[in-house]
Amino acid sequence: MTTALTQGLERIPDQTGYLVISEEGVLASAGELENDEHTAGVIMQMVRTACRFRLHGTAEPPFKRMSVMFEDYVYAVTISGQKVFVVKRQNNQREPVIV
Amino acid sequence: MGCCFSTGSNQDDSKKPLIPDPNLDRKPTNGSDRNADGLSSSRKNDQDLHAAIVQRTALNIIDVSAVISQGLEQHEYMDRARQYSTKVGVLNRTWSQKKPVPLPSLSSQPHQVLAADLVSNADVQQVSKIAAYAYSAISQIKVDAKEELVVQFAIP
């Protein structure tokens, strides 16, 4: 079952690590996020808080993906089937250079 | 200053109530009593306190061993039973609501969502700017005191 979850994450372009987290704890981890329970804990708290946002009294959270952006990398987070998926990706976008 | 022991000549025993009133605040009299009467007065205060505690406990105790029941009518009994079960139901509901909210599902295609294009730098900069404006606006909230908060009333 874990292979089904992680196969798709492995293939994400420029990913450097991932986590699959459930209510009970970390289900799978790899790359730079391998065994990173601390990051898992922080991201769980962030995503739970974000899920409480609502737009104009709608019933569901108003987003599909939460991105935590740093200078060189990004944590992309989503929830599916009671599991939180986190993937660490390189942020290769560069500022356009004005010559 | 006062004698260490006396036979309580300062207290008018004939006027003292047999059962001391627990509502009477005995604190202010303690100091003066102790100076005047010493041991017997403090013992009396202890007795009063003890009596107050006993009385309070007796009021709060429900004696389930009482054989002679109050004689509840059938409808009264049913009313009370219904009242209690409603109350218990409310408590059960609020207690079960304390469980953490389950995680909502944001997508049925998590890999697709995560593999999609990252947020563009332009968007990040715009959001950062908006957040900076909001922070600046909030930090400028202040109280503009126009009048004195405390005024003197002039009562003619």
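Residue numbers begin at 1 in each chain, while the letters A, B, ... track the order of the sequences.
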A.B. asks: With rounding to the nearest 0.5 angstrom, report the NE2 to OG1 distance, B:H111 to A:T78.
C.D. replies: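 Between B:H111 NE2 and A:T78 OG1, I get 10.0 Å after rounding to 0.5 Å.
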
A.B. asks: Taking B:A115's backbone N and O only, do any of them form a donor-acceptor pair with A:R11's side chain (distance below 3.5 Å, no angle check)?
C.D. replies: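 No, the answer is negative, given that no donor and acceptor are paired below the 3.5 Å cut-off.
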
A.B. asks: Using a 4.5 angstrom heavy-atom cutoff, name the option from A:K64, A:R65, A:M69, A:Q82 with the most pairs to chain B.
C.D. replies: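 Among the listed options, the one with the most contacts to chain B is A:R65.
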
A.B. asks: Could you state the interatomic distance from CD (A:E60) to CG (B:L106), rounded to the nearest 0.5 Å?
C.D. replies: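 One gets 10.0 Å once the value is rounded to the nearest 0.5 Å.
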
A.B. asks: With a 4.5 angstrom heavy-atom cut-off, could you sort out which part of A:F63 is near chain B: side chain, backbone, both or neither?
C.D. replies: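 When you check distances to chain B, atoms from both the backbone and side chain of A:F63 fall under 4.5 Å.
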
A.B. asks: By a 4.5 Å heavy-atom criterion (distance strictly below it), what part of B:S108 contacts chain A: side chain, backbone, both, or neither?
C.D. replies: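 Interface part for B:S108: backbone (N, CA, C, O).
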
A.B. asks: Under 4.5 Å heavy-atom distance to chain B, tell me which part of A:Q90 shows up: side chain, backbone, both or neither.
C.D. replies: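 The backbone, not the side chain.
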
A.B. asks: Let me know if A:R52 has heavy atoms under 4.5 Å from chain B in its side chain, its backbone, both or neither.
C.D. replies: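 For A:R52, neither part sits under 4.5 Å from chain B.
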
A.B. asks: Side chain from CB out, backbone as N, CA, C, O: work out which of these in B:V124 comes under 4.5 Å of a heavy atom of chain A, or both, or neither.
C.D. replies: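 Answer is side chain: those atoms of B:V124 sit under 4.5 Å from chain A.
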
A.B. asks: Which residue out of A:P13, A:P61, A:S22 racks up the most heavy-atom pairs below 4.5 Å with chain B?
C.D. replies: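 Most pairs with chain B among the choices: A:P61.
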
A.B. asks: Might you point out which heavy atoms bring B:V119 and A:S67 nearest each other, and give the distance in Å?
C.D. replies: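 Result for this residue pair: CG2-OG, 3.9 Å.
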
A.B. asks: Provide the full list of salt bridge (Lys or Arg N to Asp or Glu O under 4.0 Å) pairs with a residue in residues 106-133 of chain B, sequence neighbours left out, each pair given once.
C.D. replies: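 Qualifying pairs: none.
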
A.B. asks: First locate atom CG of B:L103, then atom CD1 of A:I21, and finally report the distance between them rounded to the nearest 0.5 Å.
C.D. replies: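 If we round to the nearest 0.5 Å, B:L103:CG and A:I21:CD1 are 10.0 Å apart.
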
A.B. asks: Need one label for A:M66: side chain, backbone, both or neither, based on atoms under 4.5 Å from any heavy atom in chain B.
C.D. replies: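 For A:M66, neither part sits under 4.5 Å from chain B.
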
